[in-house]
> 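Mind having a look at this structure? Questions to follow.
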2 protein chains.
Amino acid sequence: MSKQPKYRQVADALRREIDNGTYPPGARLPSESELSARFDASRNTVRSGLGLLVTQGLVTSSQGLGYEVAKHEVFELNASRFEDLSFPQNGDAYSTDVTNAGRRPHQTFRVEIHPAPDDVAERLKVEPGSRTVLRFCHRFVDDVPWSTQATYYPSWLVEEAPRLAEPGDIEQGTTRYLAEHGTEQVGYFDEISTRMPTPDEARRLEIGAGVPVLLWMRTGYSDQRPIRCTVTTFRGDLNRMNYEIGDQAGRENEPQ
Amino acid sequence: MSKQPKYRQVADALRREIDNGTYPPGARLPSESELSARFDASRNTVRSGLGLLVTQGLVTSSQGLGYEVAKHEVFELNASRFEDLSFPQNGDAYSTDVTNAGRRPHQTFRVEIHPAPDDVAERLKVEPGSRTVLRFCHRFVDDVPWSTQATYYPSWLVEEAPRLAEPGDIEQGTTRYLAEHGTEQVGYFDEISTRMPTPDEARRLEIGAGVPVLLWMRTGYSDQRPIRCTVTTFRGDLNRMNYEIGDQAGRENEPQ
DNA sequence: TAGTGGTCTAGACCACCTC
DNA sequence: AGGTGGTCTAGACCACTAC
């Protein structure tokens, strides 16, 4: 055991007290000057310790108020049932889930012509930078930013299904709309990763320090080729994804 | 536009230079004192700026060496094909994938009797704290810690399949071994989330600041009930998960 | 030995919130 | 007005790496 630096001792002590319930979620921590006295350390040193906890997502701080133990309410998204990822029509999977949880959903929506980013182009099998229709959605729960979702459609598909490029909602859902125009999604490929947010994402999702994003990229296929690529960016502290695969009878049964 | 604090200006400037290739992945950044001169700021201020980039996972620092732009080599794990999550037998999915990528896999393994953690107990439909067999695995790629995996089996299952509780490998894989003893896994439920690592996880996975973990929890079912719960903790900067669902013909076809 | 980052201090001033 | 966190400085000393 080597001696820890003082700011780590501060962080570790506070972490223990948070874990053991001395400071439950939502509670306020002592002020920097109180901690400074308690640990016989300069204010800057306790700030380093608190900074550690902040970047680990355990506490948040705000000017004039103090440090508060973070609380997380996790929202679950069933990716394997999420048939229609599409968009802000009423009655979409997102709004339904949120409303069922007794929360208030809200989303903003826009459509753009956008050159395909490299990763999207690769998945859609189109040239990087070629024209795609981007349907973009910014989602909130009780006015808290929750996730952003960007779906890219290749331009050849827009010729078959022109409403993709029009600004309004597609009431029946884009997946159903596409099916009605001869392009049925028969399979998809999901990729999931995580990282710290870019400054841009941090701003849009109002993410504080210490909260990663969960990235979900879904590429949908007809029996011939890729027909869309959806990139969803979740606040990592508020969301969890799940997949139900195979027979789930054993899951719903009662124990014994 | 409000004026940014100086340490953010430092961080933003360096971020831009990293993004535009002035400092490519693996490159060394100028030293703190050089940056201090360049930005006309105290050493502590440029340290704050660099600290931001570190906690965002963009750069790493080491004493005596300097700051280096982080580089990520992502490993892809196909969760929907990963039939046998089980364990360090030779020829398991993990070793195979790693070897195929021209890298050297390595894993340590242990078996314990362990009281069920609350979240696991809930999923296995057993009493919290009741006896479970824990098969634990710590995985490396080229000696870099990659992930940890803990699988919990309920004690009733161990009576039917006693080798679960024995220390050694199960050559044919635990899933196959279970099937041979009358308990076939017919479905599973996957949950995926992300957060910053605990100090414990940071130590085991040698995670630096600014790198989140990707958490994967798989609960497997027979046609009757839950038979196992596997908790995998990945280094978020090195791993990506994916799922293939439905018909994938459109994915493999060539464009046009 | 020289240069790098890591820790720590003491103090100044600012911005924000509550009363 | 008084307390909170946010920014910034100047300087000291330590620990690690390279040569």
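Each chain gets a letter, A, B and so on, in the order its sequence line appears, and its residues count up from 1.
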> For A:Phe234 and A:Trp216, take the angle between the two ring planes, folded into 0 to 90°, and tell me which bin it lands in: parallel under 30, tilted 30 to 60, perpendicular over 60.
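If you compare the ring of A:Phe234 with that of A:Trp216, the planes turn out parallel.
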
> Where along residues 35-57 of chain A does a heavy atom come under 4.0 Å from DNA chain D, residue by residue in number order?
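Listed by number, they are A:Arg43, A:Asn44, A:Arg47.
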
> Starting at atom CD of B:Gln63, determine the distance to atom C1' of D:dC16, rounded to an integer number of angstrom.
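From B:Gln63 CD to D:dC16 C1': 5 Å.
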
> If the threshold is 4.0 Å, N to carboxylate O, is there a salt bridge linking A:Arg16 and A:Asp12?
no

> Out of A:Thr174, A:Val111, A:Thr230, which residue meets the side-chain contact (heavy atoms from CB on, under 4.5 Å) rule with A:Tyr153?
A:Thr174

> Please say which of B:Arg235, B:Arg240, B:Arg103 ends up in a salt bridge (Lys or Arg N to Asp or Glu O under 4.0 Å) with B:Glu73.
B:Arg103

> For D:dT9, does either OP1 or OP2 sit under 4.0 Å from a side-chain N or O belonging to B:Tyr7?
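False: B:Tyr7 side-chain N/O out of range (4.0 Å or more) of D:dT9 OP1/OP2.
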
> At their closest point, which heavy atom of A:Glu76 faces which heavy atom of B:Glu191, and how far apart are they?
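Heavy atoms of A:Glu76 and B:Glu191 come nearest at OE2-OE2, 3.5 Å.
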
> Can you tell me the distance, in whole Å, between the NZ atom of B:Lys6 and the P atom of C:dA15?
15 Å

> For the pair made of CD in A:Glu68 and P in D:dT4, what is the distance, rounded to whole Å?
16 Å

> Tell me which residues in residues 21-32 of chain B lie within less than 4.0 Å of DNA chain D, going by non-hydrogen atoms.
none

> Check the angle between the aromatic planes of A:Tyr243 and B:Tyr243 and answer parallel, tilted or perpendicular using the 30° and 60° thresholds.
parallel

> Which residue, B:Ser33 or A:Arg8, contacts DNA chain C at a nucleotide closer to its 5' end, judged by nearest heavy atom?
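The answer here is B:Ser33.
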
> In whole angstroms, how far is the P atom of C:dC14 from the NZ atom of B:Lys3?
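From B:Lys3 NZ to C:dC14 P: 13 Å.
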
> Considering only side-chain heavy atoms of B:Leu65, which listed nucleotide, C:dT9, D:dT17, D:dG6, is closest?
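Closest nucleotide among those given: D:dT17.
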
> Stepwise, does the side-chain contact (heavy atoms from CB on, under 4.5 Å) test hold for A:Asn239 with A:Val74?
CA-CA 5 Å; A:Asn239 291 280; A:Val74 176; 5.8 Å; no

> For the pair A:Phe140 and A:His138, name the ring-plane relationship: parallel under 30°, tilted 30 to 60°, perpendicular over 60°.
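Judged by the thresholds at 30° and 60°, the geometry between A:Phe140 and A:His138 is parallel.
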
